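Here the structure comes first, spelled out in structure tokens, and everything after it is commentary.
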Number of protein chains: 2
Amino acid sequence: MREPVPLRDIVIEARELFREYGYEGASMRDLAGRVGLRPQSLYTRFPSKEALVSEVLALTLEEMLEGLPDPDRNWRNAWRTLIGRIAQTLENHGRCVGLHLAYGVTSATPEAQKAVRVFFKSVQEAMTRILRSGKIAPPAATAADTLAQLEGATLWIATEGDNRPLKRAVRRALHLAGPVRRCGEKAELPS
Amino acid sequence: MREPVPLRDIVIEARELFREYGYEGASMRDLAGRVGLRPQSLYTRFPSKEALVSEVLALTLEEMLEGLPDPDRNWRNAWRTLIGRIAQTLENHGRCVGLHLAYGVTSATPEAQKAVRVFFKSVQEAMTRILRSGKIAPPAATAADTLAQLEGATLWIATEGDNRPLKRAVRRALHLAGPVRRCGEKAELPS
DNA sequence: GTCTATATCTAGATAGAC
DNA sequence: GTCTATCTAGATATAGAC
């Protein structure tokens, strides 16, 4: 008798595969191999490959938003933290699992499609809430555009390994919360 | 004896499939069905599925750049035309075949990877050349960022069917070439 | 919960007739 | 250049023993 593989481990590996190979390109066989299971054993934990999508995105959303500073207390801090987390993830992996899935899931997998939509709407809403606290107008459109710019910049990481467009997108995003700090400069901005 | 299916028709249908389903999701069987051939017959026209990628992107690049106004004569006109073409294509199809392939091809298909890299570098260079003619600095980074913003905006078309982020990205891009014309306003800008 | 074994389907690609 | 027929490999998913 072996001890069960933690669900979280499976989801984390599934995310890696979806991010790298997309929905179609990721296989249950590869996933099983990565977590040390036989492919068939995955189906006792998840009903289908499609079901993994919502698990992956729920985990990603949770990691992105957990312990975020309260926007009503210090919206600039919340904004910087959220943008920093998104950018760090994109830079670490060179691509966004959400974007890969957004392009990769079709109407053949409606639950997965819905999960992707919920994911990005949730991220946008979190950003919108912060910008609204900062009286940045219009908050929803600015949030959508900011996220689109960060995601779009991954094009250059994926094709050229060039992360400078992402750095500039981050800079523009942070600029919304006031002047960007230079190196070594420790600005104390009003909350 | 039937008459041969034009190569161009096959490439155009392949593009449709790659754009919608990505590299992995697109199948030679579907492609054959769309052009009225048996799957096996495709291999007398193209050596492999991978080889279709460069054909698709070469055609797309050609359509994007053919007959573009000379940047040295009127760079604003060239810029508006190119941005307009890119935006129109993205809006018509709701997604970019190049971005889907950028995310979708792996090191398992190195020729396809190279084709994607060449495609985006070529688009960037065309944009860079125009911006340089307009003395917009820095031209290369501005071109990369502009393209990234347009591509990133397709996220919202793909997930929500919302093309307003793309419209705003276009507006920002056109703003680089001077004030944006209002509806009905027929500005004559200096070349 | 994991395993072996298997079912079912579809993928990309090849051989040879016409 | 297109066809019929076939190969080989891989995919998702299920059944039943331990």
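Here the structure is a predicted model, which means the values were calculated and not measured. In what follows, chains carry the letters A, B, and so on, assigned in the order in which the sequence lines appear, proteins first and then strands, with residues in each chain numbered from 1.
Look at B:Ser41 and you'll find a side-chain N or O under 4.0 angstrom from OP1 or OP2 of D:dC3.
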Between A:Glu63 and A:Arg15, is a salt bridge (charged side-chain N to carboxylate O under 4.0 Å, His left out) present by the stated rule, with each step listed? CA-CA 13 Å; A:Glu63 291 176 352; A:Arg15 175 167 60 185; 3.1 Å; yes

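The aromatic rings of B:Trp156 and A:Phe120 sit perpendicular, their planes meeting at an angle over 60°, well past the 30° parallel limit.
Between the side chain of A:Tyr23 and the backbone N or O of A:Glu50 there is at least one donor-acceptor pair closer than 3.5 Å. Using modelled atom types, no side-chain atom of A:Arg29 and backbone atom of A:Pro39 make a donor-acceptor pair closer than 3.5 Å.
For B:Ser48, the listed nucleotide lying nearest its side chain is C:dA13; candidates were C:dC3, C:dA13, D:dT2. Side-chain proximity of B:Leu37 to C:dT2, C:dA13, D:dT2: nearest is D:dT2.
B:Lys49 places its NZ atom 13 Å from the C1' atom of D:dG10, with the value rounded to the nearest Å. Distance A:Glu24 CD to C:dG12 C1': 15 Å, rounded to the nearest Å. Rounded to an integer number of Å, the gap from A:Tyr43 OH to C:dC3 P is 15 Å. Atom CG in A:Leu7 sits roughly 11 Å away from atom C1' in C:dG1 (whole-Å rounding). Regarding B:Leu42, its CG atom lies at a distance of 13 Å from the P atom of C:dA11, rounded to whole Å. Atoms CD (B:Glu50) and C1' (C:dA11) sit 16 Å apart, rounded to a whole Å. Computed from coordinates, the A:Tyr21 OH to D:dA11 C1' distance equals 16 Å when rounded to whole Å. Here the P atom of nucleotide C:dT2 and the CE atom of A:Met28 are 13 Å apart, to the nearest Å.
Mapping B:Arg38 and A:Thr44 onto DNA chain D by nearest heavy atom places B:Arg38 at the nucleotide closer to the 5' end. Checking A:Gln40 against B:Gln40, the closest nucleotide of DNA chain D that is more toward the 5' end is the one next to B:Gln40.
At a cut-off of 3.5 angstrom, the base of D:dG10 holds no donor-acceptor pair with the side chain of A:Arg29.
Each end of the helix from C:dG1-D:dC18 to C:dC18-D:dG1 gets its own axis from five base pairs, and the two axes differ in direction by 0°, given to 10 degrees.
Ion pairing between a basic and an acidic side chain is recognised when a charged N comes within 4.0 Å of a carboxylate O; A:Asp72 and A:Arg129 show such pairing.
Each of A:Arg19, A:Glu20, A:Gln88 was compared with A:His93 under the side chain to side chain donor-acceptor pair (under 3.5 Å) criterion, and only A:Arg19 meets it.
Here A:Ala26 lies in heavy-atom contact (under 4.0 Å) with sugar-phosphate atoms only.
From B:Glu91, atom CD reaches atom OG1 of B:Thr154 across 12.0 Å, with rounding to the nearest 0.5 Å.
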